[in-house]
2 protein chains.
Amino acid sequence: MAARHKFGRQTKQLATVWQTIKDDQSHPTADQVYERVRRQLPNISLGTVYRNLQKLVANNRLQVLMLGRSQHFDPLVERHHHLICESCDRVFDLLLESPGEIRPALLPEDGFTITAHHSAFYGTCKRCAS
Amino acid sequence: MAARHKFGRQTKQLATVWQTIKDDQSHPTADQVYERVRRQLPNISLGTVYRNLQKLVANNRLQVLMLGRSQHFDPLVERHHHLICESCDRVFDLLLESPGEIRPALLPEDGFTITAHHSAFYGTCKRCAS
DNA sequence: ATGTCTGCAAAGCTTTTGCATCGTT
DNA sequence: AACGATGCAAAAGCTTTGCAGACAT
């Protein structure tokens, strides 16, 4: 009944996954996290990495970004958007000045050229609200 | 070398896929298109549906929207955004008044409640541009 | 002691692909 | 006749899951 129950048990696998990703700005995939964590815990399994990443997402310590066919994990959980280079596939965080207002100064290295964008709005439709 | 070469051959599979989706606003997945097309061409294969959908995308007759783990196809190819009901998973098109300006009047049935949104901007980073 | 978490491997789901054959041009 | 498209089935890529044993509390 202690507060930490909601986070489940403290295992070295979970701790290592978190340590590996908490300051990472490269938006790694589960597999990339697996490869890095493996250097410290050679016996960890990919399934465990997935389960721990899910747990961190459920506890709001990570955000998931779906790109192509894979999930990318982002320790920046405040609402923000993404800049995706179609040439090297790197992903940059794009912070907002105020809701809906983009801060151009944060375009990476001041040199990102935007050629397309897409926005998705999530919520509840009229039919489901009633 | 005729102009129609760029569209490839005219097969009844391609024609049926197109007829099935061209006026559809429900953003069906490949599998949903397959199920509908199958009612007219019972022997069509899922692989053929995928190949024809790809062809229509390549010819700019369809747009792809990645949601969760699946591709959704949209015959509305002008730049627009999406409204996704998290309760029933329906997807609504959201047109723009001018680039970057959302037209609230188009919120489906005037009754869609937005709780979250995410934007992705695509382009070229400084490193790749040089 | 209890029940959660782990490693392993198998299965799942969506999408792609190899190949022999069919059908358009 | 030529070669692009099809059907079938297998494979691929990513993620989830069943299970028996290990571990945290």
Side-chain angles (χ1 to χ4, degrees), chain A residues 1-21 27-59 61-74 89 91, chain B residues 1-21 27-59 61-74 89 91:
Chain A
M1 196 168 162
R4 67 182 170 287
H5 274 196
K6 84 176 217 197
F7 296 109
R9 289 183 180 169
Q10 245 180 264
T11 63
K12 60 178 183 305
Q13 288 86 347
L14 175 57
T16 307
V17 167
W18 175 242
Q19 285 303 316
T20 298
I21 200 174
H27 303 75
T29 60
D31 205 68
Q32 291 170 328
V33 173
Y34 173 57
E35 288 305 333
R36 292 185 211 163
V37 169
R38 220 134 92 94
R39 301 204 277 260
Q40 309 208 37
L41 300 176
N43 294 320
I44 197 173
S45 71
L46 181 56
T48 294
V49 170
Y50 269 103
R51 282 182 289 228
N52 282 317
L53 287 171
Q54 282 169 354
K55 192 169 306 184
L56 291 167
V57 169
N59 288 328
R61 304 225 265 162
L62 289 180
Q63 237 178 40
V64 188
L65 171 63
M66 198 69 190
L67 287 182
R69 208 144 289 117
S70 355
Q71 302 177 348
H72 291 244
F73 297 88
D74 190 346
D89 285 328
V91 179
Chain B
M1 200 170 162
R4 67 181 170 287
H5 275 195
K6 85 177 218 198
F7 296 109
R9 288 181 181 173
Q10 245 180 264
T11 64
K12 60 178 184 304
Q13 288 86 347
L14 175 57
T16 306
V17 167
W18 175 241
Q19 285 303 315
T20 298
I21 200 173
H27 304 75
T29 60
D31 204 69
Q32 291 170 329
V33 173
Y34 173 58
E35 287 305 333
R36 293 184 210 163
V37 169
R38 219 134 92 94
R39 300 204 277 260
Q40 308 208 37
L41 299 176
N43 294 319
I44 197 173
S45 71
L46 181 56
T48 295
V49 170
Y50 269 102
R51 282 183 286 228
N52 281 317
L53 288 170
Q54 283 170 352
K55 192 169 306 183
L56 291 167
V57 170
N59 287 328
R61 304 226 264 162
L62 289 180
Q63 238 179 38
V64 188
L65 172 63
M66 198 68 188
L67 288 181
R69 205 148 290 115
S70 352
Q71 301 177 347
H72 291 244
F73 297 87
D74 190 344
D89 286 327
V91 179

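We name chains A, B, ... by the order of the sequence lines, and we start the count at 1 in each one.
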Inset, instruction - To the nearest Å, give me how far apart CZ (A:Arg38) and C1' (C:dC8) are. - result: 13 Å
Legend entry - Quiz item: B:Arg51 side-chain donor-acceptor pair to D:dG7 base, under 3.5 Å: yes
Inset, instruction - Round to a whole Å and report the spacing from CG of A:Leu53 to P of D:dT17. - result: 15 Å
Legend entry - Phosphate contact (D:dT6 OP1 or OP2) by B:Thr11 side-chain N/O below 4.0 Å: yes
Legend entry - Along DNA chain D (nearest heavy atom to each residue), the more 5'-positioned of B:Ile44 and A:Asp31: B:Ile44
Inset, instruction - Quick one: pull up CG in A:Asn52 and OH in A:Tyr50 and give me the separation to the nearest 0.5 Å. - result: 13.0 Å
Inset, instruction - Report yes if a side-chain nitrogen or oxygen of A:Tyr50 is closer than 4.0 Å to either non-bridging phosphate oxygen (OP1 or OP2) of D:dT15; otherwise report no. - result: yes
Legend entry - Whole-Å distance separating the OH atom of B:Tyr34 from the P atom of D:dG7: 9 Å
Inset, instruction - Please check if the side chain of B:Gln40 supplies one atom and the backbone of B:Val37 the other of a donor-acceptor pair under 3.5 Å. - result: no
Legend entry - Protein-nucleotide distance (B:Leu56, atom CG; D:dA5, atom P), rounded to Å: 12 Å
Inset, instruction - Report the distance from atom CG of A:Leu14 to atom CD1 of A:Ile44, rounding to the nearest 0.5 Å. - result: 9.5 Å
Legend entry - Rounded distance in Å - CG (A:Leu67) to P (C:dT14): 20 Å
Legend entry - Donor-acceptor pair present, A:Arg9 side chain and D:dC23 base, under 3.5 Å: yes
Legend entry - Rounded distance (Å) that lies between atom C1' of C:dT14 and atom CE of B:Met66: 8 Å
Inset, instruction - For A:Gln54 and for B:Leu14, find the nucleotide of DNA chain D with the closest heavy atom, then tell me which residue's nucleotide is more 5'. - result: B:Leu14
Inset, instruction - Pick base, sugar-phosphate or nothing for B:Asn43, based on heavy-atom distances below 4.0 Å to the nucleic acid. - result: sugar-phosphate
Inset, instruction - Give a yes/no on whether any side-chain N or O of A:Gln13 is located under 4.0 angstrom from OP1 or OP2 of D:dC23. - result: no
Inset, instruction - For A:Asn52, report the nucleic acid contact type (base, sugar-phosphate, nothing); a contact means any heavy atom under 4.0 Å. - result: sugar-phosphate
Inset, instruction - Describe the nucleic acid contact of B:Leu46 in one word from base, sugar-phosphate, nothing, applying a heavy-atom distance below 4.0 Å. - result: base
Inset, instruction - Would you classify A:Lys55 as touching base, sugar-phosphate or nothing, given that sugar-phosphate means primed atoms plus P, OP1 and OP2, and contacts are heavy atoms under 4.0 Å? - result: sugar-phosphate
Legend entry - B:His72 (side chain) donor-acceptor with B:His27 (main chain) under 3.5 angstrom: yes
Inset, instruction - Answer yes or no: does a side-chain N or O of A:Gln10 lie under 4.0 Å from OP1 or OP2 of D:dA24? - result: no
Legend entry - Spacing of A:Thr48 atom OG1 and A:Lys55 atom NZ [to the nearest 0.5 Å]: 9.0 Å
Inset, instruction - Compare side-chain N and O positions of A:Thr48 against OP1 and OP2 of C:dG7 and report whether any pair is under 4.0 Å apart. - result: yes
